[in-house]
S.K.: 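Please find one structure pasted underneath; my questions will follow.
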Amino acid sequence: MSAVRVAPDARQSAEERTVLVRMTRSALARAGLAVTPAEAAHPAVVEIAHLAQRGVHVGTADPERIGRLGRMLDWARAGITGPPPPAATRPVEPAAPAPHLERSVARARNSLPARDDGAGKPRESALVAWREHDRERLRETIALLTAAWPEAWAELEEVLFQVALLDGSAIDGFTDFGVHGAVFIHRDRLGPGPGALPGTVRLAEALVHEGAHTRCNAASVAAAPFLRPAQGEAQLVATPLRIDPRPLTGLFQQVVVLARSVMLYERVLDSGTEASASAAVRLRRDELAADALAGVRTLMDHRDALTDHGVSVLEDAARVAGIRA
């Protein structure tokens with residue numbers, strides 16, 4: 001069984017994806033639906049497998065339900081333009097708004113606490129189409145990642161299939177295991193940030209951030225567990241990236257995300273690219289390092305809830321944060 005570490009690993013990511021593909025095909029087969037391994041890796045097909053699995057769990061073998069799933073699968077197949085090439089050459093797809101992605105955004109919106117935008121209107125988030133200059137920024141970001149941290153980009157090629165763009169004030173970005181392989185990033189992350197932080201660096205951070213969540217989500221079912229049984233939801237703790245208390249599973253993923261984000265900025269600063277001379281890049285690195293240190297210290301307080309695998313990841317993150325776990 002593979003083990004996740006803070007450092008990216010494309011080979012282990014591919015192994016985990018193989019396990020998830022097998023699980024997806026099995027869930028669909030129980031509903032009488034057959035897909036190829038390439039189809040089973042697509043986020044739209046993953047969503048159908050989750051729906052099929054829920055039906056099996058409640059003992060439902062309703063022909064009408066199976067028919068609906070079959071029609072959803074026909075639609076998903078129509079959007080898959082043949083088997084993807086090997087990960088080494090497969091481009092990460094800038095995803096147009098599509099029903100499986102729209103449903104994921106709706107779930108994310110529904111999970112948010114009720115707030116408004118200060119003018120009495122509910123905060124909203126919606127999928128938007130990629131414009132040509134958005135695609136160009138993605139290409140520039142891939143070039144930056146390839147130059148500064150090729151191991152991270154190699155892993156992202158394995159775990160990311162679709163990158164969807166968001167607009168609106170409700171959600172900055174997220175992942176959803178229900179459409180595993182898709183990530184959602186706010187369009188603002190493609191432009192300059194505070195202190196003239198370059199858009200390529202901001203998008204690289206967002207890809208690394210959401211890619212780390214995607215990898216952790218895959219590993220939670222395809223690799224050795226991070227937390228001991230019943231510990232993930234047993235208590236809520238303060239975390240660096242969320243105002244509301246989160247379960248230990250949420251803190252654990254944040255620690256991985258923050259450690260990888262610090263590693264990204266360190267590599268950008270050492271890359272010799274134009275971004276490496278940016279004071280904003282150095283400031284952002286320091287902000288992330290402070291958050292990583294806070295997250296590691298909190299997780300150390302709950303070390304007994306971690307498996308040996310979880311402890312090894314914590315120790316990796318602690319080294320990035322400059323302390324010993």
S.K.: Is R189 salt-bridged to E210, cutoff N-O under 4.0 Å?
M.R.: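 Salt bridge between R189 and E210, a charged N being under 4.0 Å from a carboxylate O: no.
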
S.K.: Do any N or O atoms from the side chain of R202 and from the backbone of D188 form a donor-acceptor pair under 3.5 angstrom?
M.R.: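 Yes: the side chain of R202 pairs with the backbone of D188.
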
S.K.: For R246, enumerate each residue passing the side chain to side chain donor-acceptor pair (under 3.5 Å) test, keeping only those at least two apart in sequence or located in another chain.
M.R.: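 Partners of R246 under the side chain to side chain donor-acceptor pair (under 3.5 Å) test: none.
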
S.K.: Give a yes or no answer on whether the side chain of H186 reaches the backbone of G173 with a donor-acceptor pair at less than 3.5 Å.
M.R.: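 Such a contact is absent between H186 side chain and G173 backbone.
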
S.K.: Return the set of residues passing salt bridge (Lys or Arg N to Asp or Glu O under 4.0 Å) with R260 (not counting sequence neighbours), or none when no residue passes.
M.R.: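 Testing R260 for salt bridge (Lys or Arg N to Asp or Glu O under 4.0 Å), a comparison that skips the adjacent residues, returns E155.
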
S.K.: Under 4.0 Å between a side-chain nitrogen and a carboxylate oxygen: does that hold for D9 and R215?
M.R.: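 No, D9 and R215 are not salt-bridged.
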
S.K.: I'd like to check L156 versus I142 (side-chain heavy atoms, cut-off strictly below 4.5 Å). Are they in contact?
M.R.: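 No. Closest side-chain heavy atoms not under 4.5 Å.
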
S.K.: Got a sec, which residues hit salt bridge (Lys or Arg N to Asp or Glu O under 4.0 Å) with R135, two or more places apart in sequence or on another chain?
M.R.: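 In terms of salt bridge (Lys or Arg N to Asp or Glu O under 4.0 Å), with neighbours along the sequence ignored, R135 is linked to no residue.
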
S.K.: Identify whether the distance between the nearest side-chain nitrogen and carboxylate oxygen of E15 and R11 falls below 4.0 Å.
M.R.: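 Looking at R11 together with E15, the answer is yes, because their closest N to O distance falls below 4.0 Å.
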
S.K.: Where the side chain of T214 meets the backbone of V159, is there a donor-acceptor pair that is under 3.5 Å apart?
M.R.: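 Flag not set: sc T214 to bb V159 has no pair under 3.5 Å.
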
S.K.: Please assess R319 against E315 for the test salt bridge (charged side-chain N to carboxylate O under 4.0 Å, His left out), listing each intermediate value before the final yes or no.
M.R.: CA-CA 6 Å; R319 281 190 286 272; E315 290 172 345; 5.1 Å; no

S.K.: Indicate, with yes or no, if L314 and I323 share a hydrophobic cluster defined by side-chain heavy-atom contacts under 4.5 Å among Ile, Leu, Val, Met, Phe, Trp and Tyr.
M.R.: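 Same hydrophobic cluster.
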
S.K.: Is a side-chain N or O of R267 found less than 3.5 angstrom from the main chain of A148, in a donor-acceptor match?
M.R.: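 The answer is no, because no donor-acceptor pair under 3.5 Å joins these two groups.
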
S.K.: Quick one: do V256 and F177 end up in the same hydrophobic cluster if we chain Ile, Leu, Val, Met, Phe, Trp and Tyr together by side-chain heavy atoms under 4.5 Å apart?
M.R.: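 They do not share one cluster, since no chain of ILVMFWY contacts under 4.5 Å joins V256 to F177.
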
S.K.: Look up atom CG in L207 and atom CG in L138, then write down how far apart they are to the nearest 0.5 Å.
M.R.: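 Spacing of CG (L207) from CG (L138) equals 6.5 Å.
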
S.K.: Do V46 and V19 belong together in a cluster built from hydrophobic side chains that touch within less than 4.5 Å?
M.R.: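 V46 does not cluster with V19.
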
S.K.: So, R284 and E205, do they make that salt bridge, N to O below 4.0 Å?
M.R.: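 So R284 pairs with E205 through a salt bridge.
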
S.K.: Which pairs with one or both residues in residues 191-223 pass ring pair (Phe, Tyr, Trp, His ring centres under 6.0 Å), sequence neighbours excluded?
M.R.: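 As it turns out, the ring pair (Phe, Tyr, Trp, His ring centres under 6.0 Å) pairs with a partner in residues 191-223, which skip direct neighbours, are H209-H213.
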
S.K.: Under the rule for side chain to side chain donor-acceptor pair (under 3.5 Å), what residues qualify as partners of S26, not counting sequence neighbours?
M.R.: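 If we apply the side chain to side chain donor-acceptor pair (under 3.5 Å) test to S26, skipping adjacent residues, the hits are R30.
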
S.K.: Is a donor from one side chain sitting under 3.5 angstrom from an acceptor on the other, for Q254 and D291?
M.R.: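 Not at all, the side chains of Q254 and D291 share no donor-acceptor pair under 3.5 Å.
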
S.K.: Taking salt bridge (Lys or Arg N to Asp or Glu O under 4.0 Å) as the definition, give me every residue that meets it alongside E274, ordered by chain and number, with sequence neighbours left out.
M.R.: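 Scan of E274 (salt bridge (Lys or Arg N to Asp or Glu O under 4.0 Å), adjacent residues dropped) gives none.
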
S.K.: Ignoring hydrogens, what is the shortest heavy-atom contact between A40 and T24? Give both atom names and the distance.
M.R.: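 Heavy atoms of A40 and T24 come nearest at O-CG2, 3.7 Å.
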
S.K.: Measure the spacing between CZ of R54 and CZ of R65 and express it to the nearest 0.5 Å.
M.R.: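 R54 atom CZ to R65 atom CZ measures 7.5 Å (nearest 0.5 Å).
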
S.K.: How many angstroms lie between atom CG of L203 and atom OG1 of T141, to the nearest 0.5 angstrom?
M.R.: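 One finds 4.0 Å between CG of L203 and OG1 of T141.
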
S.K.: Do NZ/NE/NH1/NH2 and the carboxylate oxygens of D74 and R71 come within less than 4.0 Å?
M.R.: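 The answer is no: the pair does not qualify as a salt bridge.
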
S.K.: Under the ring pair (Phe, Tyr, Trp, His ring centres under 6.0 Å) definition, can you give me all pairs with a residue in residues 248-273, not counting sequence neighbours?
M.R.: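 Qualifying pairs: F226-F252.
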
S.K.: Linking I/L/V/M/F/W/Y whenever any side-chain heavy atoms sit under 4.5 Å apart, do V201 and V257 land together?
M.R.: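 In one cluster with V201: V257, no.
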
S.K.: Is there a side-chain contact between Q53 and L28 (heavy atoms, below 4.5 Å)?
M.R.: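 The answer is no; the side chains never approach within 4.5 Å.
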
S.K.: Hydrogens and angles aside, do E140 and T200 bring a side-chain donor and acceptor to less than 3.5 Å of each other?
M.R.: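 No, no side-chain donor-acceptor contact under 3.5 Å.
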
S.K.: Give a yes or no on whether the backbone of L101 and the side-chain of S104 come within a donor-acceptor separation of less than 3.5 Å.
M.R.: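 No, the answer is negative, given that no donor and acceptor are paired below the 3.5 Å cut-off.
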
S.K.: What residues, two or more places apart in sequence or in another chain, satisfy side chain to side chain donor-acceptor pair (under 3.5 Å) together with R187?
M.R.: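 Partners of R187 by the side chain to side chain donor-acceptor pair (under 3.5 Å) criterion, ordered by chain and then number, come out as D134.
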
S.K.: According to a hydrophobic-cluster definition based on side-chain heavy atoms being under 4.5 Å apart (Ile, Leu, Val, Met, Phe, Trp, Tyr only), do M23 and I48 belong together?
M.R.: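 Not linked; separate clusters.
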
S.K.: Excluding sequence neighbours, so at least two apart, what forms salt bridge (Lys or Arg N to Asp or Glu O under 4.0 Å) with R109?
M.R.: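 For R109, the residues satisfying salt bridge (Lys or Arg N to Asp or Glu O under 4.0 Å) (neighbours in sequence not counted) are E124.
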
S.K.: Can you list the residues that meet the side chain to side chain donor-acceptor pair (under 3.5 Å) rule with R297, with sequence neighbours excluded?
M.R.: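 For R297, no residue satisfies side chain to side chain donor-acceptor pair (under 3.5 Å) once neighbours in sequence are set aside.
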
S.K.: Using the test side-chain contact (heavy atoms from CB on, under 4.5 Å), find all partners of T18 that sit at least two apart in sequence or belong to another chain.
M.R.: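 With neighbours one apart ignored, the set is R22.
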
S.K.: Check side-chain contact (heavy atoms from CB on, under 4.5 Å) between P97 and all other residues, then give those that pass, not counting sequence neighbours.
M.R.: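 P97: side-chain contact (heavy atoms from CB on, under 4.5 Å) contacts with E102, L127, A129.
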
